[in-house]
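None of these values were measured; they are calculated from a predicted model.
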Amino acid sequence: SKMRQNLSLEDMEDAKRTTIVFKTCTTMHDDGTVTTDTKSDVTVVPVPDYDPNLWLEEVEDEKCLDWAKGMNKRTLSVLGDPTTNPIHDRVLAALNSKDKIPYVSEVGGKFYNLWQDEKNKRGLWRRTTLESYKTAEPEWETVLDIDALNETESETWVWKGSTVLDLGPDEPHDIALLKLSRGGADATVIREFNLVSKTFVAEADGGFVLPEAKSSVSWKTRDVLLVGTDTGEGSLTDSGYPREAREWCRGTPLSAAECVFAGEAADVSVRAYCYFDKGNTYNLLSRAMTFYTSKDFLWHDGKYTEIPVPEDADVSTFFDQFLIELRTEWEVAGTKHPAGSLLSVKVADFMAGKHDSLISLFTPTDRTSLSHFASTKTYLMVHVMDNVLTKVRFWRYDGGVWVAEDRVWQLPNMAELSAWSINADTSDAIWMTSSGYTQPTSLYYGSAADAEPPLGTRIKRLPGQFDAEGLVVEQYETTSLDGTKIPYFLVRRADLKFDGKAPTVLYGYGGFEISLQPSYMSTFGIGWLERGGVLAMSNIRGGGEFGPRWHQAALKEKRHKAYEDFIACADDLIERKVTSTPHLGCMGGSNGGLLMGNMLTMAPEKWGAIVCQVPLLDMRRYSKLLAGASWMGEYGNPDIPEEWAYLKRYSAYQNVKKDVTYPPILFTTSTRDDRVHPGHARKTAKKLLDYGQASTLYYENIEGGHGGAADSSQRAFMKTVEYEFLWKTLHKL
């Protein structure tokens with residue numbers, strides 16, 4: 001009681017959401033007396049705020065699913081059956097088009113592709129030769145039919161990728177680990193597959209099989225896997241990812257696999273992996289403490305040794321070189337390397353403590369940043385964003401020395417390019433794509449040694465999926481509240497009247513270093529641009545458009561900067577008379593869904609409509625839900641009072657108020673999303689409706705994972721729902 005009397009009013013408010021545990025110390029003295037002292041250093045145990053909608057977090061509870069189905073029915077009663085909408089059939093035709101580019105990966109001289117269309121909804125895993133692939137009608141050999149597998153096994157498998165045994169170009173590439181997800185969830189079942197017989201290797205025959213979990217897996221040898229998975233209590237982190245790395249020998253039970261490394265429960269994840277790189281085999285361990293920090297260990301001189309780089313740096317290899325990407329400035333051997341730099345150093349020298357031989361392959365400027373890089377046998381192709389548009393620079397590795405080449409690849413008309421190797425161990429051959437908001441994607445075959453982009457050797461081209469005649473693409477810049485210049489792209493009709501009446505969608509993300517660059521979006525073109533709608537694509541802080549500093553400018557307590565940037569883009573669209581509030585909508589998903597939630601609560605007067613996809617919204621509980629704990633490096637920890645103090649300012653669910661008029665909003669999510677919990681969208685929609693916001697709509701796809709849909713039919717359905725909501729709401733005379 002004495003301690004409670006000393007609590008401030010602020011402490012009393014905090015006490016509403018905490019349990020105070022008083023620690024007592026009982027001591028028996030030599031004279032037989034006993035004293036009990038209450039310690040002043042109490043333990044404060046956070047407990048959830050009262051939430052009447054907490055029941056909606058029970059993902060597959062019958063009551064919750066009945067509520068979701070009722071909401072789905074209500075939404076379709078307002079918007080109509082999407083399958084009867086002409087937009088739906090065109091979107092579905094585009095998604096299932098036989099003219100789509102079948103992207104391939106080279107494995108042992110064969111080129112593999114996963115193909116989905118109207119007949120093969122979950123997909124055909126198939127292969128061909130390079131010569132055949134270059135033709136207009138390649139001859140494909142089916143390796144695995146996912147739809148047939150589902151029918152045989154009475155499952156809902158969704159393809160999540162493969163890990164092929166790769167011990168070098170001279171070794172057979174004849175077995176693989178296939179990742180299959182139920183309904184599109186992140187958690188997968190992993191099964192060994194023989195690429196020669198095109199059959200699964202049964203567990204009874206010594207095949208590797210991992211039950212459903214968010215596993216990591218890598219081949220060490222033909223008969224040994226490096227694996228992290230759910231093996232029982234203590235094997236997963238608080239984020240639900242592997243906490244342990246094990247070596248699993250063929251023919252032995254998983255429970256007998258030796259644990260070679262373990263992290264902490266509070267870590268994001270731990271993994272072990274092994275790969276071949278141009279004659280070198282690298283065996284590594286990685287302990288990710290947060291989303292952006294890790295400790296990496298290389299098997300070196302007979303033991304795992306920590307790679308001595310900053311914890312927030314990313315490390316990869318090229319032949320016998322480390323490639324080091326910096327998120328913060330690093331001073332080493334008397335030289336300061338700025339955040340956003342790409343460095344290289346010989347592995348053996350660096351591990352021996354020789355740090356003075358680091359060289360810089362890229363140094364950022366105010367308007368340039370490292371997007372990514374790709375290697376061939378002798379070249380490193382450095383993709384640089386220059387005011388958000390890509391240029392490719394080249395380094396040649398010649399006799400152990402990096403040589404900068406005096407050439408740059410760039411495409412005109414605000415088109416994007418991306419180049420990557422066909423097989424980085426054996427040749428300099430590459431694939432390159434070009435794409436733009438109004439330019440369908442093309443695929444080219446060339447060499448990293450080419451002086452110019454290989455535009456003359458196009459082998460595949462996506463036909464136009466929507467009528468882009470009369471559309472123009474522009475890049476503008478606006479000024480945020482603190483004076484920072486924020487770019488955005490605008491796609492509009494050339495004859496736009498600039499009378500403030502154009503239905504306009506402003507799209508945003510603003511997190512996790514993810515950049516939004518031009519690309520061909522056929523469904524958006526069909527569902528929105530062809531109708532006369534305008535698209536604005538924002539490049540707000542929190543993304544990676546201008547490197548780590550752009551991302552870090554909106555981390556944690558600075559998250560509001562991203563929201564101010566987005567509002568600045570909206571204001572600029574209105575000031576230019578592209579649109580006005582009744583005609584202006586916004587859209588975003590995942591972290592972009594959190595952005596949408598804050599547009600709802602921070603600036604409801606700005607918007608005519610909002611589409612909030614697979615969103616994160618309850619920042620009080622996000623770290624307790626599914627993978628949420630892994631994002632505390634981005635947002636903060638709500639159980640730390642100092643961090644909750646800023647988190648609560650952009651926790652959209654808590655900030656929905658009863659006496660505010662909100663714009664129409666559509667929430668979309670998926671029951672099978674095991675990354676961002678569907679409870680975020682469920683609870684916020686329910687709260688708005690309880691407060692009388694009748695224009696709130698909600699649709700929950702029963703399958704789909706974090707992508708919101710598991711196949712083309714579901715994607716077409718969901719896209720039509722979104723576009724119809726936007727058009728009906730924003731297209732006002």
### Task
Measure from the side-chain N and O atoms of His680 to the backbone N and O of Met619, and report whether any donor-acceptor pair falls under 3.5 Å.
no
### Message
Does Glu151, at its CD atom, have more than 12 non-hydrogen atoms belonging to other residues, nucleotides or ligands within less than 6.0 Å?
### Response
no
### Message
Using a 6.0 Å cut-off, check whether atom CD of Gln410 has over 12 heavy atoms from anything other than its own residue.
### Response
yes
### Query
Is the NZ or CZ atom of Arg559 both under 6.0 Å from the centre of the six-membered ring of Tyr635 and within 45° of that ring's axis?
no
### Message
Looking at every non-hydrogen atom in both residues, tell me the closest pair between Ala603 and Ile567 and how far apart they are.
### Response
CB-CD1, 3.9 Å
### Query
Is the distance between the ring centroids of Tyr699 and Phe667 less than 6.0 Å?
no
#### Entry: Residues Lys121, Asp147: salt bridge by 4.0 Å N-O rule
no
### Task
Keeping the roles fixed (side chain from Arg541, backbone from Arg549), state whether a donor-acceptor pair exists under 3.5 Å.
no
### Tyr698 and Glu700: side chain donor to acceptor below 3.5 Å
yes
#### Entry: N/O donor-acceptor pair under 3.5 Å between Ser97 side chain and Ala93 backbone
no
### Query
In terms of side-chain heavy atoms, does Gln517 have a donor or acceptor partner in Thr390 at a distance below 3.5 Å?
yes
### Query
Taking atom types as modelled and ignoring hydrogens, do the side chains of Arg649 and Gln654 form a donor-acceptor contact shorter than 3.5 angstrom?
no
### Message
Cation-pi check for Tyr691 against Lys657: NZ or CZ below 6.0 Å from the six-membered ring centre and within 45 degrees of the axis, yes or no?
### Response
no
#### Entry: Whether Trp159 and Trp125 hold their rings parallel, tilted or perpendicular, with breakpoints at 30° and 60°
tilted
### Query
Distance under 6.0 Å and angle within 45° of the ring axis: does Lys577 meet both against Phe498?
no
### Task
Give a yes-or-no answer on whether the side chains of Thr368 and Asp386 include a donor-acceptor pair shorter than 3.5 Å.
no
### Query
With a cut-off of under 6.0 Å to the ring centre and 45° to the axis, is Lys100 in cation-pi contact with Trp115?
yes
### Message
As an exercise, state the distance from CZ of Arg74 to CG of Leu79, rounded to the nearest 0.5 Å.
### Response
10.0 Å
### Query
For residues Asn85 and Thr720, is any side-chain donor paired with an opposing acceptor at under 3.5 Å?
no
### Task
Report the relative orientation of the aromatic rings in Trp631 and Phe512; use parallel for angles under 30°, tilted for 30 to 60°, perpendicular for over 60°.
perpendicular
### Task
Is it possible for you to check whether Lys460 lies under 6.0 Å from the centre of the six-membered ring of Tyr445, through NZ or CZ, and within 45° of that ring's axis?
no
### Asn539 and its side-chain hydrogen bond (donor to acceptor under 3.5 Å, both in side chains) partner, picked from Glu477, Glu545, Gln475
Glu545
### Task
State whether a side-chain donor-acceptor pair under 3.5 Å links Lys485 with Thr478.
no
